[in-house]
Structure formats: structure tokens, C-alpha cells
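These values consider heavy atoms only, across backbone and side chains, with no hydrogens, waters or symmetry-generated copies. Numbering of ligands and ligand atoms starts at 1, following listing order. Note that the structure is predicted; figures quoted are calculated from it, not measured.
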Amino acid sequence: MGTKGIEILGINAEELIAKLNRALADEWFAYYQYWVGAKVIKGPMREVAAAELIEHAADELRHADMLSSRIVQLGGTPILSPAEWEKLSHCSYEAPADPFVKKILEQNIKGEQCAIQVYNDILQMVKDKDPVTYSIVLQILTDEIEHEDDLQAVMEDFELLQRKD
Ligand code: FE
Ligand code: FE
Ligand code: MG
């Protein structure tokens with residue numbers, strides 16, 4: 001990154017880069033979990049749910065891009081090997097081994113809740129110290145909150161399908 005851009009940081013750049021790389025690992029897992037989930041999903045409301053998963057996969061890929069660009073700007077290197085993802089991620093990857101709509105939604109809601117916690121923690125870490133990272137992470141957090149809400153709305157509709165009265 002430009003020297004002045006580094007100079008104004010009120011936080012240790014190495015520490016921040018390491019944290020952003022951990023979030024980057026989470027984004028790749030989130031991307032793939034949504035992407036492959038949309039391929040295998042089965043059951044009532046399959047199309048509605050799959051459309052949401054596909055949209056979210058695109059968002060997670062965009063988040064990976066945003067984080068990587070900021071890591072490079074800070075003078076760091078985005079994770080170069082997928083083998084590192086498992087070691088670095090905060091949120092675990094949940095293989096959609098059971099393709100039932102409800103199971104896939106549950107797994108992805110859990111993933112979003114983990115992401116919300118991670119980005120909220122990063123916001124606290126950079127607050128008043130790095131406004132540029134703050135702004136990027138705030139945009140990502142806003143998306144993750146929308147993702148959780150969207151998935152919970154699909155889940156609610158799915159559960160209403162079982163209603164008999
Ligand atoms: Fe994301
Ligand atoms: Fe998300
Ligand atoms: Mg959505």
C-alpha cells in the first residue's frame with residue numbers, strides 16, 4: 001500500500017492482515033457451501049431456496065474479492081493455497097451431505113450467524129483505527145445480516161407449508 005495509507009493506520013497492519021485472511025477463508029467456504037448446496041438441494045420450495053443460495057454465493061465471492069483487495073492494499077498477501085482455508089477459517093465448512101431443503105437452510109443460517117459475529121468483531125477491532133477497512137467490513141456485515149434474514153424467511157415459509165389449519 002502507499003506509504004501514507006500505511007502510516008495513518010492506528011492498528012498493527014500484520015495483525016489486521018492475518019484477521020482479514022481468516023475472514024477470506026470463511027468467504028471461500030461460504031461461497032462453495034452455497035454454490036454446491038444450490039446444485040444438490042431437494043424438497044419443497046427447492047427453486048425458491050436454490051435461487052437464494054445462488055444469489056448468496058455471488059455475494060460471498062464478492063466479499064472474497066473485497067477482502068483480498070484490502071489485504072493487498074495493506075501490503076499483505078491473500079491466502080495462496082486452499083489448503084490454508086481449513087486451518088484459518090473461523091466458521092466451519094458444513095458439507096450439504098443431506099440435500100433436504102430444511103437441512104441446507106439450517107447449515108447456511110448457522111454459517112451466516114458465524115459470519116455476523118466475525119465481522120462484528122473485526123468492526124470493533126478497526127473502529128477509530130482504520131476507517132477504510134471499517135467501511136469495507138461494514139458493507140460485508142450488512143450483506144451477512146441480510147443473508148441471515150433472507151434464509152430465516154425462507155425457513156419460515158417452509159415451516160408454514162407443514163401447517164394444517
Ligand atoms: Fe460473506
Ligand atoms: Fe453471507
Ligand atoms: Mg438474499
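- Looking only at distances, a side-chain donor or acceptor of Asn21 sits under 3.5 Å from a matching main-chain atom of Thr77.
- The closest side-chain heavy-atom distance from His90 to Lys19 is below 4.5 Å.
- Under a 3.5 Å cut-off, the side chain of Glu52 and the backbone N or O of Val154 do not form any donor-acceptor pair.
- Applying the disulfide (SG to SG under 2.5 Å) definition to pairs two or more places apart or across chains, those involving residues 70-134 are Cys91-Cys114.
- Residue-and-atom listing of protein N/O/S atoms under 2.8 Å from the Mg ion (ligand 3), sorted by chain and number: Glu52 OE2, His56 NE2, Asp150 OD2.
- Salt bridge annotation for Arg62-Asp65: absent, with no cationic side-chain nitrogen under 4.0 angstrom from a carboxylate oxygen.
- The side chain to side chain contact (heavy atoms under 4.5 Å, CB included) with Val118 is formed by just one residue from the set Ile116, Ile122, Asp121; it is Ile122.
- At distances below 3.5 Å, not a single donor-acceptor pair connects side-chain atoms of Ser135 with backbone N or O atoms of Pro131.
- Looking at residues two or more places apart in sequence or on another chain, you find a side chain to side chain contact (heavy atoms under 4.5 Å, CB included) between Gln113 and Ile109, Glu148, Gln152.
- A ring pair (Phe, Tyr, Trp, His ring centres under 6.0 Å) with Tyr32 holds for exactly one of Trp35, Trp28, Tyr34; it is Trp35.
- Near-neighbour remark for the Fe ion (ligand 1): protein N, O or S atoms under 2.8 Å are Glu27 OE1, Glu27 OE2, Glu60 OE1, His63 ND1, Glu144 OE2; waters not counted.
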